[in-house]
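Only one structure is covered here, and it is reproduced in the block below.
Below, read A as the first sequence line, B as the second, and so on, with proteins coming before strands; counting in each chain starts at 1.
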4 protein chains.
Amino acid sequence: MRADARDNRLRILTAAEEVFGASPAASTEDVAKLAGVGIATVFRHFPTKVELLEAVYTLRLERLRDRAAELAVAADPGEAFFEFFGQVVAEAGSKLAIAEALTAAGSVAGEDARRAGAGLRQAFGELLDRAQQSGAVRVDAALPEVYALLIGASRGATATALEPEVRNRMLALVYDGLRPGRSS
Amino acid sequence: MRADARDNRLRILTAAEEVFGASPAASTEDVAKLAGVGIATVFRHFPTKVELLEAVYTLRLERLRDRAAELAVAADPGEAFFEFFGQVVAEAGSKLAIAEALTAAGSVAGEDARRAGAGLRQAFGELLDRAQQSGAVRVDAALPEVYALLIGASRGATATALEPEVRNRMLALVYDGLRPGRSS
Amino acid sequence: MRADARDNRLRILTAAEEVFGASPAASTEDVAKLAGVGIATVFRHFPTKVELLEAVYTLRLERLRDRAAELAVAADPGEAFFEFFGQVVAEAGSKLAIAEALTAAGSVAGEDARRAGAGLRQAFGELLDRAQQSGAVRVDAALPEVYALLIGASRGATATALEPEVRNRMLALVYDGLRPGRSS
Amino acid sequence: MRADARDNRLRILTAAEEVFGASPAASTEDVAKLAGVGIATVFRHFPTKVELLEAVYTLRLERLRDRAAELAVAADPGEAFFEFFGQVVAEAGSKLAIAEALTAAGSVAGEDARRAGAGLRQAFGELLDRAQQSGAVRVDAALPEVYALLIGASRGATATALEPEVRNRMLALVYDGLRPGRSS
DNA sequence: CATGAATGAGGTTTCATTCAT
DNA sequence: AATGAATGAAACCTCATTCAT
């Protein structure tokens, strides 16, 4: 791929992230305008609007996975787990808008997005494992439900446009449910 | 309002609930078709698509509020609270789609929807109060964060198309976080 | 169907006949403009460009079939046959352009067009039968090849933008081949 | 012109012949892809799509003219004439598609194509002359109408996707009309 | 009051053609 | 000279909304 093409691809992705993050109903032309390229250039790089949305979504998931991978080697596994959890919830806003745009476009998820989702889930699973082995998280909580809780907390925080204090108190409740020493 | 007009209004609302619940990108004409009326009739009752969406959304919220009000006089306040919580999460699917349709249409929330939302929140607050007074829920959890948790759990369950078992395990984690006896 | 809708449908068909007859590459918007309606009205009547083209084509075929049916009761079967043949060839120009537009659009032929084509072929077959029984046309010429000859003569006349005299001399050659008294 | 440039020109022409022969609505990029060159190379050799189409068309006409020239020295002029006629009709399919692509593009014919057309017409005229002098074709048939008949038979055969048997029977009718011994 | 046709403003996508490498 | 990316004009089609019946 040529250098200028790579450049443009990145600019388009960045623009799309911002535009769709702000409003799931945005048009492809808005993306082109913000990226400073012609509309046809967007379609050369992403032959379909759905593919563009998926690319943005995949990028988001991959970034989160990388962040999880970094934290997987932290000194304190418990702290790493909860920090990651909190970060995801805090940054969920625009990622969610993109997910909504995808479902609104009628696509459940492309191959790339599915793979990236699986990657994130696995990386998060490592964080959970280590936190459980270190005694920071109860051992009877399995990945599926904890992951669902992560998603839920993210969406809850976004949907209600939570103030930071309330969000933190909500997270405290979630964390308490995850800590060991419970009967359930 | 004439009797047939009232009839039509109800049929349109019912149809809209089903159509938008299935796909947030549905068109107003689809609603008219399912309701068995002409499209102009839909616009006579709801001068704008956003108003129709809000009416459906409001209806949903009011139904939940009524359900909460019923449970507010139940014998066991703790059981009532957790039952309501679980029901909301279980039925979240289509309501969520309507909320997405609203945000996709660029509308944050109309007056009616806001009022209905406040009503639901208040009714849920009563359930929470009584559960706290009965000792079933920790007293240091305030309505804002518990409500956010309710919304989040609903959305999380929907977004990931959770199987019932996983959903129940996730709810168990959430409930544990809400029970008294924690230091946080 | 409402009166105004029927009116518009007819006006659209008429406009399409003229526009596509003049240039197979014409756009749907040109048709709308000539018909004096909005573009969406065209698409309401003919949900697809191909369907519009087929409707025009079908109309043409039906008109020819009707003309053949009229001539099928003429006093002189031979004269009727050759007159019809000549008329088809003379008027072939714009009909052909429509057929080209259809193939350019990637459609071979819709159900209606196929039926109309079969109708025309059958009506022409009657003319041929009667001409053969009256001794004006050789009896060893079957419908398939005579029909192919009709199409061919039409296309030949159109493709080369023949002057009337040349066209008549060409037809004379064709007619001679069709008359009885040959060995082939 | 450099050797590789000449190579490319030929490969582009060959590819264009195949691509446009298959579908008149094909894009220039398809031609480049099949030719194995970049799209800009196509435009370097043929500055316009119409010019490319004309070049292909011209090539076809020239090949036919060469074939006619070969047959012009055959032993039996009558056989030569009818053989050429039949060959042209049999192979008309893809050439016709190219002619359609040209008219769809709004171009009647460029200088080269016109010259090539005239060349073919003249070569065919020689075949006709010799066939007439040898008594195989009636002498009162002039080139214009016979040529129109050739074109028409070609197009008719193609347009209706004729089976070989029917095509031959149609040709027999045409040939009978061309043979001497008729009064017309 | 209900209907369905008409509207025009966009949205996505394609293509011939031009530039930068 | 060859490449492939970029372009903008236009094509087809959809939809919320307004009129005429």
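Dashed line: the shortest gap from a side-chain N or O of Thr28(D) to OP1 or OP2 of dC15(E) is not under 4.0 Å. Considering only side-chain N and O atoms, Thr41(B) lies nowhere under 4.0 angstrom from the phosphate OP1 or OP2 of dC1(E). For the OP1/OP2 pair of dC1(E) and a distance below 4.0 Å, the side-chain nitrogens and oxygens of Asn8(B) include no atom meeting the criterion. Distances shorter than 4.0 Å separate some side-chain N or O of Thr48(D) from OP1 or OP2 on dT17(E). For dT14(F), neither phosphate oxygen OP1 nor OP2 lies less than 4.0 angstrom from any side-chain nitrogen or oxygen of Ser27(B). When the side-chain nitrogen and oxygen atoms of Arg44(C) are compared with OP1 and OP2 of dA5(E), one or more of them lie within a distance under 4.0 Å. For His45(D), no side-chain nitrogen or oxygen approaches OP1 or OP2 of dA1(F) to under 4.0 Å.
Spacing between atom CZ of Arg6(C) and atom C1' of dA6(E) amounts to 18 Å, rounded to whole angstrom units. When the P atom of dA5(E) is taken as reference, atom NZ of Lys33(B) falls 11 Å away, rounded to whole Å. Put simply, CZ on Phe43(D) is 18 Å from P on dA1(F), counting in whole angstrom units. Taking atom CD of residue Glu51(A) and atom P of nucleotide dT14(E), one finds them 10 Å apart after rounding to whole Å. If you measure from atom CZ of Arg11(D) to atom P of dA2(F), you get 11 Å, rounded to the nearest angstrom. Across the protein-nucleic acid pair, Ile39(A) atom CD1 and dT12(E) atom P stand 7 Å apart, rounded to whole Å. The CD-P distance, from Glu29(D) to dT18(E), rounds to 15 Å in whole Å. Rounded to whole Å, the distance from CZ on Phe46(C) to P on dT14(F) is 15 Å.
You'll find that the side chain of Val37(D) is closest to dT3(F), out of dG8(E), dT3(F), dT3(E). Nearest to the side-chain atoms of Asp4(A) among the listed nucleotides dT17(F), dT14(E), dA5(F) stands dA5(F). When the nucleotides dT14(E), dT3(F), dA6(F) are ranked by their closest atom to the side chain of Ala40(A), dT14(E) comes out on top.
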- prompt: Which is it for Glu54(C) and Lys49(C) under the salt bridge (charged side-chain N to carboxylate O under 4.0 Å, His left out) test, yes or no, and what are the steps along the way?
  reply: CA-CA 9 Å; Glu54(C) 282 180 358; Lys49(C) 189 185 193 180; over 6 Å; no
field: Stepwise salt bridge (charged side-chain N to carboxylate O under 4.0 Å, His left out) test for Glu91(C) and Arg63(C)
entry: CA-CA 12 Å; Glu91(C) 296 169 5; Arg63(C) 282 208 208 113; over 6 Å; no
task: Taking Watson-Crick and G-U wobble pairs with both distances under 3.5 Å, convert DNA chain E into its dot-bracket string, 5' to 3', dots for unpaired and | for cross-strand pairs.
output: .||||||||||||||||||||
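Applying the 6.0 Å contact sphere to CD of Glu18(B) captures no more than 12 heavy atoms from other residues, nucleotides or ligands.
Sorted pairs that involve residues 26-38 of chain B and meet salt bridge (Lys or Arg N to Asp or Glu O under 4.0 Å), not counting sequence neighbours, are lacking altogether.
Positionally, the nearest nucleotide of DNA chain E for Gly36(B) lies more toward the 5' end than for the other of Gly36(B) and Lys49(A).
The nearest pair of heavy atoms linking Ala32(D) to Ile39(D) is CB-CA, 3.8 Å. The two atoms that bring Phe46(A) and Glu51(A) nearest to each other are CD2-O, 4.1 Å, heavy atoms only.
Proximity of Phe20(C) to Val31(C): side-chain heavy atoms (C-beta onward) are separated by under 4.5 Å at one or more points.
Checked against salt bridge (Lys or Arg N to Asp or Glu O under 4.0 Å), Asp112(A) has the following partners two or more places apart in sequence or in another chain: Arg115(A).
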